[in-house]
Amino acid sequence: MEQSLHVYNSMTGKKELFEPLTAGFIGMYVCGPTVYSDVHLGNCRTFVNFDTLYRYLLHLGYKVRYVRNITDVGHLVGDVDTGAEDKMAKKARLEQLEPMEVAQKYTVGFHDMMRLFNTKSPSIEPRATGHILEQIEMVQDIIDNGYGYVKNGSVYFNTRKLVEEGKGYGDLSGRKIEDLLSETRSDLKNQSEKEHPSDFAIWIKADENHLMRWNSPWSVGFPGWHLECSAMSTKYLGKHFDIHGGGNDLKFPHHENEIAQNIGACSCAPAKYWLHTNMLLMNGKKMSKSDGNSITPTELITGDSHHISKGFHPMVIRFFMIQSHYRSTLDLTDEALLAAEKGFKRLMDANRALNGLQSTTESGALDADIRDTIQAAFAEMNDDFNTPKALARLFEIVPKINSLKEGKIKMDQVGAAALADLKACFHAFIFDIFGLEDQAESGSSTGAKALGGVMDLVIDIRKQARADKDWATSDKIRDSLKEAGVQIKDSKEGAEWELI
RNA sequence: GGUCGGGUGGCCGAGUGGCUAGGCAGUGGUCUGCAAAACCUCGUACGGCGGUUCGAAUCCGCUCCCGACCUCCA
């Protein structure tokens with residue numbers, strides 16, 4: 001049973017024992033969104049995955065500084081030397097807005113969505129435009145250290161120098177400089193300013209029409225896309241920190257170039273552990289707006305899409321994401337979501353049933369089994385955050401909880417201490433670690449209270465009808481309530497109800 | 001074309017050299033006035049072809065298929 005945390009490090013391709021650089025403290029940097037359009041559902045998966053990871057680290061008692069940036073400049077569409085345009089600027093031009101208006105609009109939208117998915121806010125959420133000075137300083141350091149060269153007001157990173165010095169450009173993404181050299185794609189040609197095809201821009205001279213630009217020692221321009229992460233992670237987490245995360249598709253070139261910049265600026269690779277989440281697919285393929293194989297988070301929630309039969313609550317979506325491992329692709333299908341919805345409900349019902357249990361004994365026959373399963377669940381999390389397996393362990397206990405509730409297993413089978421542990425474990429996993437919320441308990445408004453009062457009355461009336469064997473009345477109440485969206489569930493202990 | 005990852009029962013999704021993943025759906029049963037829920041039970045899956053092994057879905061080779069990256073992408 002693994003008791004210490006192991007994580008899969010993309011840099012080494014192996015699971016490694018997780019040891020923070022400073023005992024008790026963790027610095028974690030995750031690449032955030034570029035706020036030039038509504039947040040993509042795939043982004044949501046990545047951020048939900050890292051949120052779960054963050055939550056687990058907190059649960060383990062670490063003091064975590066979680067930094068996730070907002071990219072609001074420097075992210076290019078197309079190629080730098082062939083009429084590239086900043087994503088932010090392009091959107092601003094199309095929508096006739098100030099670039100900062102675009103950034104603000106989509107940042108707010110992003111935060112709203114993150115809130116719906118119940119992700120915790122990062123400790124720091126720095127913006128690229130708020131750190132232009134730091135980026136300029138970093139470019140200067142890179143130049144001073146001989147890793148950057150200036151061409152016509154733009155500054156490029158010299159990747160060959162890194163390779164020649166054996167400092168591992170390409171290690172993270174498994175690329176060889178020769179492969180990069182022999183690149184034949186036509187898109188990459190015509191880069192006259194670069195001395196080598198694998199070099200990349202760290203400062204870009206802006207043309208006169210460019211909306212976002214700043215003064216620098218080299219030109220009026222803007223920073224390269226990869227630079228912000230290097231500058232901001234260094235500023236808030238130091239030159240070397242514990243975890244750097246992001247989507248799989250950022251490995252190259254983004255993370256690779258980020259590492260190069262850090263080495264170039266301060267001779268130090270930024271992170272000890274690199275964690276990458278895998279892609280979210282839909283119907284077996286990567287989501288793509290161009291072939292219509294795409295769904296937005298909002299559509300998924302409202303059900304306004306031909307890909308799905310109905311809308312799904314954000315918590316169902318989060319549960320769905322937790323059912324797969326962060327390093328695996330996850331295939332989004334209507335059927336899978338429907339299954340997740342039922343599974344989520346079953347887990348939440350069980351948790352509520354668990355909280356209603358009262359032990360009648362000091363110790364019981366099931367104690368050891370319960371404790372083993374709890375321990376196993378945590379062991380799964382320690383094995384590279386294996387949420388699907390941990391969840392499976394929880395589900396293994398669900399039949400026992402339901403049996404206890406219904407009296408099929410006597411309460412003297414579970415001791416008070418074991419039951420308390422079980423309640424604590426379920427609470428920790430469901431709410432603290434998995435970050436789920438119980439919809440049935442979230443309605444604490446006066447309306448919900450009134451409904452509760454009404455239901456107590458209705459159930460009481462139906463109880464009397466059943467006692468009188470007045471099945472017509474009893475069934476009418478049940479059927480009508482179901483039509484109104486309330487499900488009655490009978491049991492030996494009496495009837496319960498829930499909103500469907 | 002290059003690099004990497006993957007193909008698991010009806011669907012999703014873990015995992016692994018011999019020991020039940022789990023969820024959903026399905027089977028049969030218990031309970032119930034009838035249902036629903038719940039509980040019990042069952043299914044005996046690992047792309048194809050070879051090889052290694054006492055034994056492979058798990059290791060090796062070949063092959064087919066899929067995905068990601070190589071250009072912006074979580």
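For the numbers below, each heavy atom of this structure counts, side chains included, while hydrogens, waters and symmetry mates do not. Quick note on labels: first sequence line is chain A, next is B, and so on, each numbered from 1.
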> What pattern of brackets, bars and dots sums up RNA chain B from 5' to 3', given Watson-Crick or G-U wobble pairs under 3.5 Å, [ ] for crossing pairs and | for another strand?
(((((((..(((.....[...))).(.(((.......))).)....(((((..]....))))))))))))....
> Need one value for A/Gly246: base, sugar-phosphate or nothing, where a base atom within 4.0 Å counts as base even if backbone is also close, heavy atoms only.
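Sugar-phosphate: the residue A/Gly246, judged by heavy atoms under 4.0 Å, touches backbone atoms but no base.
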> With C1' as the reference atom in both, quote the distance from B/C40 to B/U53 in angstrom, rounded to an integer.
39 Å
> Would you measure the distance from the C1' atom in B/C12 across to the matching atom in B/G6 and give it in whole Å?
16 Å
> For A/Ser309 and A/Asp334, test the side chains for any donor-to-acceptor distance below 3.5 angstrom and give the result as yes or no.
yes
> Tell me what A/Ala336 touches on the nucleic acid: a base, only sugar-phosphate, or nothing, going by heavy atoms under 4.0 Å.
sugar-phosphate
> Atom CZ of A/Phe344 to atom P of B/G23: distance rounded to whole Å?
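From A/Phe344 CZ to B/G23 P: 16 Å.
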> Is there a side-chain contact between A/Asn402 and the phosphate of B/C39, meaning an N or O under 4.0 Å from OP1 or OP2?
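Yes, because at least one side-chain N or O of A/Asn402 sits under 4.0 Å from OP1 or OP2 of B/C39.
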> Tabulate protein N/O versus nucleotide N/O from nucleotides 24-32 of chain B, keeping only pairs under 3.5 Å, one per line.
{"unit_1": "B/A25", "atom_1": "OP1", "unit_2": "A/Lys342", "atom_2": "NZ", "d": "2.9"}

> Which part of the nucleic acid does A/Leu391 contact within heavy-atom distance under 4.0 Å: base, sugar-phosphate only, or nothing?
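No contact.
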> Can you name the residues that form a side chain to side chain contact (heavy atoms under 4.5 Å, CB included) with A/Thr129, not counting sequence neighbours?
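Only A/Asp72, A/Val73, A/Met100, A/Arg127, A/Met212, A/Trp214 meet the side chain to side chain contact (heavy atoms under 4.5 Å, CB included) criterion with A/Thr129.
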> Choose from B/G13, B/G33, B/A74 the nucleotide whose nearest atom is closest to any side-chain atom of A/Leu330.
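My answer, after comparing the listed nucleotides, is B/G13.
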> Do the side-chain N and O atoms of A/Asp468 and A/Gln464 include a donor-acceptor pair separated by under 3.5 angstrom?
yes
> From the set B/C39, B/A14, B/C12, return the single nucleotide nearest to any side-chain atom of A/Pro388.
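Taking heavy atoms from C-beta onward, the closest nucleotide is B/A14.
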> Check side-chain hydrogen bond (donor to acceptor under 3.5 Å, both in side chains) between A/Asn69 and all other residues, then give those that pass, not counting sequence neighbours.
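A/Asn69 satisfies side-chain hydrogen bond (donor to acceptor under 3.5 Å, both in side chains) with A/Tyr29, A/Thr71, A/Glu228 once adjacent residues are dropped.
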> By nearest nucleotide on RNA chain B, pick out whichever of A/Asp349 and A/Tyr326 is the more 5' one.
A/Tyr326
> How long is the line joining CD1 of A/Ile488 and P of B/A35, in whole Å?
18 Å
> Residues two or more places apart in sequence or in another chain: which of them pass side chain to side chain contact (heavy atoms under 4.5 Å, CB included) with A/Ser480?
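With sequence neighbours excluded, A/Ser480 shows a side chain to side chain contact (heavy atoms under 4.5 Å, CB included) to A/Lys476, given in chain and number order.
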> Say you pick atom P in B/U41 and the same atom in B/U20; how far apart are they, in whole Å?
14 Å
> Could you state the atom-to-atom distance from CD of A/Glu341 to P of B/C12 in whole Å?
18 Å
> Is it true that the side chains of A/Thr473 and A/Arg478 contain a donor and an acceptor less than 3.5 Å apart?
no
> Who are the side chain to side chain contact (heavy atoms under 4.5 Å, CB included) partners of A/Thr373, not counting sequence neighbours?
A/Asp369, A/Arg393, A/Glu396, A/Ile397
> Could you work out, with side chain to side chain contact (heavy atoms under 4.5 Å, CB included) as the rule, every residue matching A/Val7, not counting sequence neighbours?
A/Leu5, A/Phe18, A/Tyr273, A/Leu275, A/Asp384, A/Phe385
> Sort and list the pairs that fulfil side chain to side chain donor-acceptor pair (under 3.5 Å) and have at least one residue in residues 114-124 of chain A, not counting sequence neighbours.
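Of all non-adjacent pairs touching residues 114-124 of chain A, those that pass side chain to side chain donor-acceptor pair (under 3.5 Å) are A/Asp112-A/Arg115.
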> In whole Å, what is the span from the CG atom of A/Asn257 to the P atom of B/C70?
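So the two atoms are 11 Å apart, to the nearest Å.
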> Let me know, please, whether A/Asp331 or A/Pro253 comes out on the 5' side of the other along RNA chain B by nearest nucleotide.
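The residue closer to the strand's 5' end, by nearest nucleotide, is A/Asp331.
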> Can you name the atoms? Protein N/O to nucleotides 64-68 of chain B N/O, anything below 3.5 Å, with the distance.
none

> With rounding to the closest Å, how many angstrom separate the C1' atoms on B/U30 and B/G13?
30 Å
> So what does A/Pro399 touch, heavy atoms closer than 4.0 Å: a base, only the sugar-phosphate, or nothing?
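Touches sugar-phosphate only.
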> Measure from the side-chain heavy atoms of A/Gln487 and tell me the nearest of B/C12, B/A14, B/A36.
B/A36
> Tell me whether the side-chain N or O atoms of A/Arg478 pair up with the base of B/A35 as donor and acceptor below 3.5 Å, since no angle test is needed here.
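Counting by modelled atom types and ignoring angles, a donor-acceptor contact under 3.5 Å is found here.
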> Under 3.5 Å, is there an N or O donor on one side and an acceptor on the other linking the side chain of A/Ser328 and the base of B/G5?
no
> Relative to each other, are the rings of A/Tyr54 and A/Tyr66 parallel, tilted or perpendicular (30° and 60° limits)?
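Plane angle between 30° and 60°, so tilted.
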> B/A74 P sits how many Å from A/Asn49 CG, rounded?
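The distance from CG of A/Asn49 to P of B/A74 comes to 14 Å, rounded to the nearest Å.
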> So A/Asp475, base contact, sugar-phosphate only, or nothing? Heavy-atom distance under 4.0 Å.
base
> Pick the C1' atom in B/G9 and in B/G23, then give their distance to the nearest Å.
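The same atom, C1', in both gives a distance of 14 Å.
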> Considering only the P atoms, how many Å lie between B/C60 and B/G17, rounded to the nearest integer?
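Looking at atom P only, B/C60 and B/G17 are 12 Å apart.
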> Mind jotting down which residue pairs meet the ring pair (Phe, Tyr, Trp, His ring centres under 6.0 Å) criterion with at least one end in residues 307-353 of chain A? Sequence neighbours excluded, please.
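Listed once each, the pairs are A/Phe319-A/Phe344.
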> At 4.0 Å (heavy atoms only), tell me whether A/Leu332 reaches a base, stays on the sugar-phosphate, or touches nothing.
nothing
> Take atom P in B/G1 and the same atom in B/C11, then report the distance between them in whole Å.
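To the nearest whole Å, 30 Å.
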> Taking the side chain of A/Glu406 as heavy atoms from C-beta outward, which of B/G33, B/A38, B/G22 is closest to it?
B/A38
> Considering only atom C1', compute the distance from B/C66 to B/A25 and round it to an integer number of Å.
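Those two atoms are separated by 25 Å.
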> With a 4.0 Å cut-off on heavy atoms, is A/Glu396 in touch with a base, just the backbone sugar-phosphate, or nothing at all?
sugar-phosphate
> Which nucleotide in the list B/A74, B/G33, B/C12 gets nearest to the side chain of A/Leu280?
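The nucleotide sitting nearest to the side chain is B/A74.
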> For A/Tyr56, which residues count as a ring pair (Phe, Tyr, Trp, His ring centres under 6.0 Å) partner, sequence neighbours excluded?
none
> Are a donor atom and an acceptor atom from the side chains of A/Ser173 and A/Glu256 found within less than 3.5 Å of each other?
yes
> Just to verify, what does A/Tyr8 make a ring pair (Phe, Tyr, Trp, His ring centres under 6.0 Å) with, not counting sequence neighbours?
none
